[in-house]
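What follows is a set of notes on a single structure, which appears directly below.
Per chain, numbering begins at 1; letters A, B, ... match sequence-line order.
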Amino acid sequence: MAKDTPTPASNGETGTKNFIHDLIDTDIADGGRFASMTVHTRFPPEPNGYLHIGHAKAIVIDFGTAEKYNGLCNLRMDDTNPSKEDVEYVDAIKRDIRWLGFDWGDRFFYASDYFEQMYEFARTLIQKGLAFVCEMTPEQMRESRGTLTEPATASPWRDRPVAESLDLFERMKAGEFADGAMTLRARIDLNSGNFNMRDPVLYRISRAHHHRTGDAWCIYPMYDFAHPIEDAIENVTHSLCSLEFEDHRPLYDWVIANIDPPSKPRQIEFARLGINHTVMSKRKLRQLVETGRVNGWDDPRMPTLGGLRRRGYTPQSIRSFIERIGVSKVVSTVDYAFLEHCLRENLNAEAQRTMAVIRPVRLVIDNYPDDLSEIFEVENNPERPEDGTREVSFSKELWIESTDFVEDPPRKYFRLFPGNEVRLKSAYVVRCTGCDKDDNGQVTTVHAEYDRETRGGNTPDGRRIKGTIHWVDTRTAATAEVRLYDNLFDVADPDSAEHNFLDHINPDSLQVLTDCKVEAALAQAELPASFQFMRLGYFCLDPDSRPGKPVFNRSVSLKDSYKPKQ
RNA sequence: UGGGGUGUCGCCAAGCGGUAAGGCACGGGACUUUGACUCCCGCAUGCGUAGGUUCAAAUCCUGCCACCCCAGCCA
């Protein structure tokens, strides 16, 4: 039976603790502005690409934190840059979050819902003398920004009269100026060591067509101005984001402090997820797709949620993984093996066992009657007896795994070799008598003789049979295609300074086997379905399957402690 | 050479002044009709480093070192 996995967060409100929860606890206990508020978080993806497992971490943290505190978590599309966004992604994002098992209730929002309010807040800043319309070109702005050690130089428009900025900003909105001709900038601190505070741009002019507001606007707010307002409008108390926004927090707080917001959220940053042997940035994933190195965003080798789903990863396994890696501010890279462990753990408890021979070779039981056929009862899942049994047919000729026979065995090999006894799972014990080979020396048929006293795989005389192998009856077997996967990259850190990820695609990351023999019932499997192919791993049905022509993906192999000796 | 962060086992990660949890990986062993699962056992005299405070320091103080992020009209 499944063991007690230390993942309290997955089955209750108690949950694991992390530094974010410590901070929230303090916020609740210190009698400050959050003391009597409902903990409210949000997951704010920009709809410009597909979600990957890194987003799953943020999702689990955002929704999980709300759940832990009996609070709320909103889903919000952060759509403030129309040139990159599309509705196509909005739907995919919602589907992926639902698939993970999270629910935003009726709190689905768009940043673009607040464009009008943001515009008014911007006017407020201008009126307070805290923002001005700047006419510098992008190049001029870059040159005046200063360096790590030198302060920025002031924009010539920095001290423009309030009325003038107000007028210009209104005309920016009205479409009087060309894209890029002007910006609205905050007036903060040119000497700050933090670039974000050196009069950051708040609004830019862009005629890009917005996927929701169409052409209603030609000015769009920048993230730094928009995000705190979005959070404040939605009554978010704790705005959780990744480490690279730490430098933006002073600006986030500055906006909140100067606009008289509906509420005053607090930003807390955590380390984003890194996993070895893969890449985790939209830009790089996009390159893999666009250069044809993978077959789309949902290629089973991709770390996208769509790819993982197609690979056979279950929502439970992904959530368990995220909950168990913890949350901290240390830039870290988790072992891919840990993700695999979480999947195996989940599927071991859930997946029905079946026999499939992916590299078949014929086994002939010479002393078995030519025309006899028997039916054996095989348990569906030894971890879960209540799942019952299924009937599997058996006859004189079977398919067995070619790797389960060798003429000249290494030490400690206890599968088939001339003279050795092996158990055919749930059927009979057979003794290998030899093999036939073709002109190239390839084994074409393995021969054996069965012991009729061992029906069901039992040994009434009590003798120990070290090896048990899987098999499929040639008379009833169905043929299937099986796709085996390995790391997409052949180095652990494809995303590092040492490696260009595009030069390190693992040539063996996908292996297609087209003539696999499976239990007949598998040809009838319907999506979604995961099985354990005994001794081979966990496999799921792929959408490429056609009637009578099933395709299976190996989600993860079984652990294998067998090491060939000498 | 500015600002912001982070350093506890190969990889994650607890720890919040009282004498180093846990998981993954790895190595042994038991069990086994999956070389799977499960179960045992092992795995940091040590917490980036050097000092200091204290009866007591991974935890407090000081210096140093290393690594990550920041100069988009991206998010």
Subject >> Identified pairing partner of U38(B), criterion: Watson-Crick or G-U wobble below 3.5 Å >> reply: A30(B)
Original post:
Counting distance only, does the side-chain N/O of S144(A) pair as donor-acceptor with the main-chain N or O of M141(A) below 3.5 Å?
Top reply: yes
Original post:
Taking for each residue the nucleotide of RNA chain B bearing the nearest heavy atom, is the 5' side occupied by E246(A) or by S192(A)?
Top reply: S192(A)
Subject >> Gap between atoms CD and P, on E340(A) and C37(B) respectively (whole Å) >> reply: 13 Å
Original post:
C1' atom, A57(B) versus G15(B): distance in rounded Å?
Top reply: 13 Å
Original post:
Looking across every strand, which nucleic acid part, if any, lies under 4.0 Å from Y413(A) by heavy atom: base, sugar-phosphate, or nothing?
Top reply: base
Original post:
Does H470(A) have a side-chain nitrogen or oxygen under 4.0 Å from the phosphate oxygens OP1 or OP2 of U34(B)?
Top reply: no
**OP:** For E46(A) and Y223(A), test the side chains for any donor-to-acceptor distance below 3.5 angstrom and give the result as yes or no.
**Re:** no
Subject >> Base of G35(B) paired with side chain of R535(A) (donor-acceptor, under 3.5 Å) >> reply: no
Original post:
Whole Å only: how far is the CG atom of D404(A) from the P atom of U34(B)?
Top reply: 13 Å
**OP:** Would you tell me whether E244(A) and S242(A) have side-chain atoms, one donor and one acceptor, within less than 3.5 Å of each other?
**Re:** yes
**OP:** Have a look at R353(A) and say if it touches a base, only the backbone sugar-phosphate, or nothing, with a 4.0 Å heavy-atom cut-off.
**Re:** base
**OP:** Would you kindly give the CG-to-P distance between L273(A) and C11(B), to the nearest whole Å?
**Re:** 16 Å
Original post:
Do the two ring centres, one from F225(A) and one from Y203(A), sit under 6.0 Å apart?
Top reply: yes
Subject >> Phosphate OP1/OP2 of A36(B) contacted by S561(A) side-chain N/O (<4.0 Å) >> reply: yes
Original post:
Reading nucleotides 26-33 of chain B 5' to 3', which nucleotides get B (base under 4.0 Å from a protein heavy atom), which S (sugar-phosphate only), which -?
Top reply: -------B
Subject >> Distance (rounded to the nearest 0.5 Å) between N346(A) CG and I318(A) CD1 >> reply: 10.0 Å
**OP:** Check every strand shown and say whether E269(A) touches a base, only sugar-phosphate, or nothing at a heavy-atom separation below 4.0 Å.
**Re:** nothing
**OP:** Would you classify F414(A) as touching base, sugar-phosphate or nothing, given that sugar-phosphate means primed atoms plus P, OP1 and OP2, and contacts are heavy atoms under 4.0 Å?
**Re:** base
**OP:** Take atom C1' in C31(B) and the same atom in A36(B), then report the distance between them in whole Å.
**Re:** 13 Å
**OP:** Please give the nucleotide sitting opposite A25(B) as a Watson-Crick or G-U wobble pair, both distances under 3.5 Å, or none.
**Re:** none
**OP:** Considering only atom C1', compute the distance from U45(B) to G5(B) and round it to an integer number of Å.
**Re:** 31 Å
Subject >> H499(A) side, atom NE2; D493(A) side, atom CG - distance, nearest 0.5 Å >> reply: 5.5 Å
Original post:
Which part of the nucleic acid, if any, lies within reach of V327(A) when heavy atoms closer than 4.0 Å are counted: base, sugar-phosphate only, or nothing?
Top reply: sugar-phosphate
**OP:** Sticking with atom P, work out how far G7(B) lies from U49(B), rounded to a whole angstrom.
**Re:** 14 Å
**OP:** Using a strict 4.0 Å threshold on nitrogen-to-oxygen distance, state whether E230(A) and R76(A) make a salt bridge.
**Re:** yes
**OP:** Would you please test M355(A) and Q532(A) for side chain to side chain contact (heavy atoms under 4.5 Å, CB included) and show each step?
**Re:** CA-CA 8 Å; M355(A) 293 194 283; Q532(A) 183 195 88; over 6 Å; no
**OP:** Scan N276(A) against the nucleic acid and name what it touches under 4.0 Å (heavy atoms): base, sugar-phosphate only, or nothing.
**Re:** nothing
Original post:
Which value, rounded to the nearest 0.5 Å, describes the distance between I358(A) atom CD1 and R554(A) atom CZ?
Top reply: 6.0 Å
Original post:
Watson-Crick or G-U wobble partner for G7(B), using a 3.5 Å limit on both distances?
Top reply: C65(B)
Original post:
Rounded to the nearest Å, what distance is computed from the CE atom of residue M534(A) to the P atom of nucleotide C37(B)?
Top reply: 13 Å
Original post:
Could you state the CD-P distance from E383(A) to C39(B), rounded to the nearest angstrom?
Top reply: 10 Å
Original post:
With rounding to whole Å, what would you report as the distance between U8(B) and A14(B) at their C1' atoms?
Top reply: 10 Å
**OP:** Could you tell me whether L558(A) contacts a base, only the sugar-phosphate backbone, or nothing, with contacts defined as non-hydrogen atoms closer than 4.0 Å?
**Re:** base
Subject >> Aromatic ring pairing Y220(A)/F115(A), orientation class (parallel under 30°, perpendicular over 60°, tilted between) >> reply: perpendicular
Original post:
In Å and rounded to the nearest 0.5 Å, what is the CE to OH distance from M77(A) to Y110(A)?
Top reply: 6.5 Å
**OP:** Go ahead and name the base partner of U53(B); Watson-Crick or wobble counts if both distances stay under 3.5 Å, otherwise write none.
**Re:** none
Subject >> Pairing partner of G2(B) (Watson-Crick or G-U wobble, both distances under 3.5 Å) >> reply: C70(B)
Original post:
Syn versus anti for G5(B), judged by chi lying within 90° of 0?
Top reply: anti
**OP:** Please find out if less than 6.0 Å separates the ring center of F394(A) from that of F376(A).
**Re:** yes
Original post:
Using a cut-off of 4.0 Å on non-hydrogen atoms, how would the nucleic acid contact of S206(A) be classed: base, sugar-phosphate, or nothing?
Top reply: nothing
Original post:
G48(B) and U32(B): how far apart are their C1' atoms, nearest whole angstrom?
Top reply: 46 Å
**OP:** Starting at the 5' end of nucleotides 65-75 of chain B, put B wherever the base has a protein heavy atom under 4.0 Å, S where only the sugar-phosphate does, and a dash everywhere else.
**Re:** ---SBBBSBBB
Original post:
When the C1' atoms of C61(B) and G22(B) are considered, how many whole Å apart are they?
Top reply: 31 Å
Original post:
Between C37(B) atom C1' and L536(A) atom CG, what is the distance in whole Å?
Top reply: 16 Å
**OP:** Determine the interatomic distance between C1' on G18(B) and the same-named atom on G23(B); round to the nearest Å.
**Re:** 27 Å
Original post:
In whole angstrom, what separates I53(A)'s CD1 from C12(B)'s P?
Top reply: 15 Å
Original post:
Counting side-chain heavy atoms from C-beta on, which of G35(B), C24(B), G7(B) comes nearest to F338(A)?
Top reply: C24(B)
